[in-house]
Chemist: 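Have a look at this one.
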Amino acid sequence: MTLDEAQQAVDTWIKTYGVRYFSELTNMACLTEEVGELARIIARQYGDQSFKAGEKADLSEDELVKIIGEYDALIVRSGTQVTARIIEAADKMKYIGRAGVGVDNIDTDAATKKGIIVSNAPEGNTLAATEHTIGMMMALARNIPQASASLKKGEWKRSKFMGNEMNGKVLGVVGFGRIGREVAKRAQALEMTVIAYDPFIPAEVGAAMGVEMMSVAELFTKADVITVHTPLIPSTTHLINKDSIATMKDGVRLINCARGGIIDEAALYDAIVAGKVAGAALDVFENEPPTESPLLTLDSVIVTPHLGASTVEAQKNVAISVAYQCRDVLNGGSAKSAVNAPLVA
Ligand code: 9EZ
């Protein structure tokens with residue numbers, strides 16, 4: 001991405017979100033990992049004189065501990081473990097941003113104790129995750145990855161890869177937040193009947209878009225395809241397990257492009273081998289990478305290496321989001337998507 005393209009992205013962002021001015025600052029952000037685009041956006045916004053965005057790729061914990069004391073902010077993607085040791089050494093720090101969803105790699109408790117605001121960018125990945133889910137559903141229904149691998153091996157097997165149409169089938173969406181709802185809209189365009197479950201979303205939200213909301217138990221019995229779009233929390237861990245699979249339709253297809261662990265992988269394996277589940281599309285795993293998983297040996301399982309957020313557009317969105325939140329916090333304001341609320345003296 002060129003500097004001009006970055007500026008254009010920021011201009012679009014300003015038009016969309018109505019941000020209009022930037023104050024003078026004498027702060028510095030430390031950017032780990034590949035956030036060059038983000039560094040340029042921030043540097044542009046603050047002016048090179050006042051705001052220094054230092055890009056430090058691939059620093060070890062020891063190296064970060066050594067330099068972090070001089071920085072007012074730290075911005076990371078998922079590859080940097082922001083440990084209590086690093087935070088302890090970050091004496092000037094006011095803000096830690098995660099350019100993406102989730103803050104698993106940041107010790108937020110340590111940050112809260114140190115008075116540091118932590119935030120992420122939960123919205124920028126929505127359509128990337130949505131489109132990957134729809135792509136995985138169609139790939140699963142028509143055996144596209146398996147057929148592609150077969151033809152590339154020199155085979156021409158047409159009957160082996162008979163699929164199913166999604167038109168007229170029932171899609172069960174478990175977790176009806178931003179991503180679940182976008183998936184539902186696109187599935188409706190495929191003329192699927194969409195049903196949904198979410199303990200935090202009122203039935204009217206579904207009704208307004210022609211989606212019947214029901215209990216998760218009822219959804220499991222009615223869906224031809226089930227896709228999960230929840231966080232991984234105690235109530236969603238192994239939400240799809242031996243017992244819940246037993247209640248599903250024979251030949252059900254399962255999709256997880258959300259969080260590893262929502263589906264019990266051992267139970268899924270057994271159910272596919274038993275012929276209960278027709279296939280599964282997985283972008284996330286209980287252990288990543290899933291080197292030991294027997295699921296990888298099954299023809300009816302299609303997989304991608306956690307690519308849900310991997311679009312140029314999503315990475316740009318989340319980078320801009322944390323750049324603005326960084327600016328807001330260093331200006332004495334709050335972060336739009338803060339995940340903690342430190343008491344700042
Ligand atoms: C959704 C959920 C749990 C759930 C939990 C939280 C936003 N959200 N959604 C479907 N925190 C169970 C099933």
Side-chain angles (χ1 to χ4, degrees), residues 98 100-104 106 108-109 118-130 132-134 136-137 170-188 192-249 252-265 267-268 277 280-286 308-309 314 318 321 335-341:
R98 152 88 165 99
V101 182
V103 287
D104 305 355
I106 300 168
T108 47
D109 288 340
V118 179
S119 82
N120 64 356
E123 295 176 21
N125 291 336
T126 302
L127 295 177
T130 297
H132 196 58
T133 302
I134 297 291
M136 289 291 261
M137 180 174 71
V170 177
L171 176 65
V173 179
V174 177
F176 208 53
R178 280 187 293 266
I179 297 169
R181 293 199 289 271
E182 292 299 332
V183 167
K185 271 162 50 180
R186 284 155 183 76
Q188 287 175 324
M192 299 182 82
T193 298
V194 181
I195 59 178
Y197 166 70
D198 193 305
F200 300 103
I201 308 281
E204 296 76 57
V205 171
M209 53 188 286
V211 172
E212 188 188 346
M213 298 192 71
M214 58 186 67
S215 73
V216 70
E218 187 178 1
L219 180 148
F220 284 156
T221 67
K222 290 190 166 163
D224 298 301
V225 181
I226 296 170
T227 183
V228 294
H229 300 286
T230 73
L232 185 69
I233 51 176
S235 66
T236 62
T237 300
H238 290 188
L239 181 64
I240 294 184
N241 55 41
K242 184 174 192 281
D243 293 338
S244 54
I245 290 172
T247 70
M248 294 175 190
K249 288 174 97 166
V252 67
R253 289 182 171 92
L254 303 177
I255 304 169
N256 186 0
C257 292
R259 289 281 175 250
I262 301 170
I263 301 180
D264 177 340
E265 289 180 7
L268 175 61
V277 171
L282 306 173
D283 185 46
V284 291
F285 303 88
E286 291 181 351
V318 299
S321 171
K336 177 168 76 94
S337 302
V339 300
N340 69 347

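Ligands are counted one by one from 1 in listed order, and the atoms in each one are counted from 1 as well.
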Chemist: Please could you name the atoms of ligand 1 that T236 approaches to less than 4.0 Å, counting only its heavy atoms?
Modeler: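 By the 4.0 Å cutoff, the relevant atoms are 3 (C), 12 (C).
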Chemist: Taking all atoms of both residues into account, what is the closest heavy-atom pair of A187 and V194, and its distance?
Modeler: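 The answer is CB-CG2, 3.8 Å.
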Chemist: Side chains of E123 and S321: does their closest heavy-atom pair fall under 4.5 Å?
Modeler: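 They are not in contact (no side-chain heavy atoms under 4.5 Å apart), so the answer is no.
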Chemist: For R181, run the side-chain contact (heavy atoms from CB on, under 4.5 Å) check against V173, I201, T126 and tell me which one passes.
Modeler: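 Of the listed options, the one satisfying the test is I201.
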Chemist: For atom 2 (C) of ligand 1, which of the options A196, A258, P199 provides the nearest non-hydrogen atom?
Modeler: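 The nearest heavy atom belongs to P199.
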Chemist: Please step through side-chain contact (heavy atoms from CB on, under 4.5 Å) for the pair M248 and L254, ending with a clear verdict.
Modeler: CA-CA 10 Å; M248 294 175 190; L254 303 177; 3.9 Å; yes
Chemist: At less than 4.0 angstrom from any non-hydrogen atom of F200, what atoms of ligand 1 do you find?
Modeler: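 Result: 4 (C), 5 (C), 6 (C), 8 (N), 9 (N), 11 (N).
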Chemist: Kindly identify the option in P231, S235, G180, G175 whose heavy atom sits closest to atom 9 (N) of ligand 1.
Modeler: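 Of the listed residues, P231 has the closest heavy atom.
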Chemist: Is ligand 1 under 4.0 Å from a heavy atom in the side chain of V216, in the backbone, in both, or in neither?
Modeler: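 Neither; nothing of V216 gets under 4.0 Å from ligand 1.
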Chemist: Using every non-hydrogen atom in the two residues, find where L232 and T237 come nearest and quote the distance to one decimal.
Modeler: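 That would be CD1-OG1, 3.4 Å.
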Chemist: For F176, which part has a heavy atom under 4.0 Å from ligand 1: side chain, backbone, both, or neither?
Modeler: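 None of F176 does.
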Chemist: Under 3.5 Å, is there a donor-acceptor pair linking the side chains of H229 and E182?
Modeler: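 Judged by distance alone, the side chains do not pair up.
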Chemist: What's the shortest distance from atom 13 (C) of ligand 1 to any protein heavy atom, and which residue and atom give it?
Modeler: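 That would be Y197 CE2, 3.3 Å.
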